[in-house]
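Note that the structure is a prediction, hence the values are computed from the model and not measured. Any value given below was found using the heavy atoms of this structure, including those in side chains, with hydrogens, waters and symmetry copies removed. Counting from 1, the numbers follow the sequence of the chain as shown.
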Amino acid sequence: MNIILQISIVLLLLGCSNINNVNEKIPLVNLVVNEDKYSLILKHHFYKNFNTNNENLSKFIVKTNLSFDTSNSLSNNGTDSLNIIKGTVDFKIFNKLDTKIIKSGTISSSIITGSVSSLYSVNENNNFTKERISIYLASKLYRKILLNIKRSEN
């Protein structure tokens, strides 16, 4: 039993040693957002992925507009009212040198929230849901921008 464990550990270590780690420099992006709470949360979590975000050194400008829509829905058994909060980010990627639009698009995500009885709880639940959507949309926007920037550079 001891020999099998040792062999499996050796195979595990040797099997993982063939991973090629490519570290490319990510081009600097200046993200332009509205000055509201959820847009600033989006910007903060977007920049967590970058090492630096100096506006003077950036190659690309991304203009965004974050909006939320709320709609009502019924649960499966039809007794509880549920809320669907949908967050949408409209973005435009510009090349800073010649201000040409590289890509424009929309990213959206939605969360279903349960029914809460008190008004304070409803307000706090909606705020927390919008924060979570903003964080998730920041990661989706980061991946989308990297993909489009890589395509535009080739």
Once you round to the nearest 0.5 Å, how far does [atom1] of [X] lie from [atom2] of [Y]?
X: F68; Y: D36; atom1: CZ; atom2: CG; answer: 8.0 Å
X: K103; Y: I93; atom1: NZ; atom2: CD1; answer: 8.0 Å
X: I107; Y: L141; atom1: CD1; atom2: CG; answer: 5.0 Å
X: I41; Y: H45; atom1: CD1; atom2: NE2; answer: 6.5 Å
X: I61; Y: I101; atom1: CD1; atom2: CD1; answer: 11.5 Å

State which residues pass side chain to side chain donor-acceptor pair (under 3.5 Å) with [X]; sequence neighbours excluded, sorted by chain then number.
X: D69; result: none
X: S108; result: none
X: T64; result: none
X: D90; result: T106

Are N126 and T70 packed together at the side-chain level, in the sense that at least one heavy-atom pair is separated by less than 4.5 angstrom? no

Is any side-chain heavy atom of L82 closer than 4.5 Å to a side-chain heavy atom of N72? no

Can you give me the closest heavy-atom contact between Y47 and L31, atom names plus distance? OH-N, 2.7 Å

N148 and I102 have their tightest heavy-atom pair at O-CG2, 4.4 Å

Among T88, I84, I85, the one residue meeting side-chain contact (heavy atoms from CB on, under 4.5 Å) with S110: I84

Stepwise, does the side-chain contact (heavy atoms from CB on, under 4.5 Å) test hold for L66 with N34? CA-CA 8 Å; L66 178 63; N34 297 334; 6.0 Å; no

Salt bridge (Lys or Arg N to Asp or Glu O under 4.0 Å) pairs touching residues 136-149, sequence neighbours excluded, are none

Listed pairs under 3.5 Å, donor-acceptor, residues 127-138 side chains, sequence neighbours left out:
unit_1, atom_1, unit_2, atom_2, d
N127, OD1, Y38, OH, 2.7
N127, ND2, N123, O, 3.4
T129, OG1, N125, O, 2.7
E131, OE2, K37, NZ, 3.3
S134, OG, K130, O, 2.8

Give the intermediate values and the outcome of side-chain contact (heavy atoms from CB on, under 4.5 Å) for residues V33 and F46. CA-CA 11 Å; V33 299; F46 178 83; over 6 Å; no

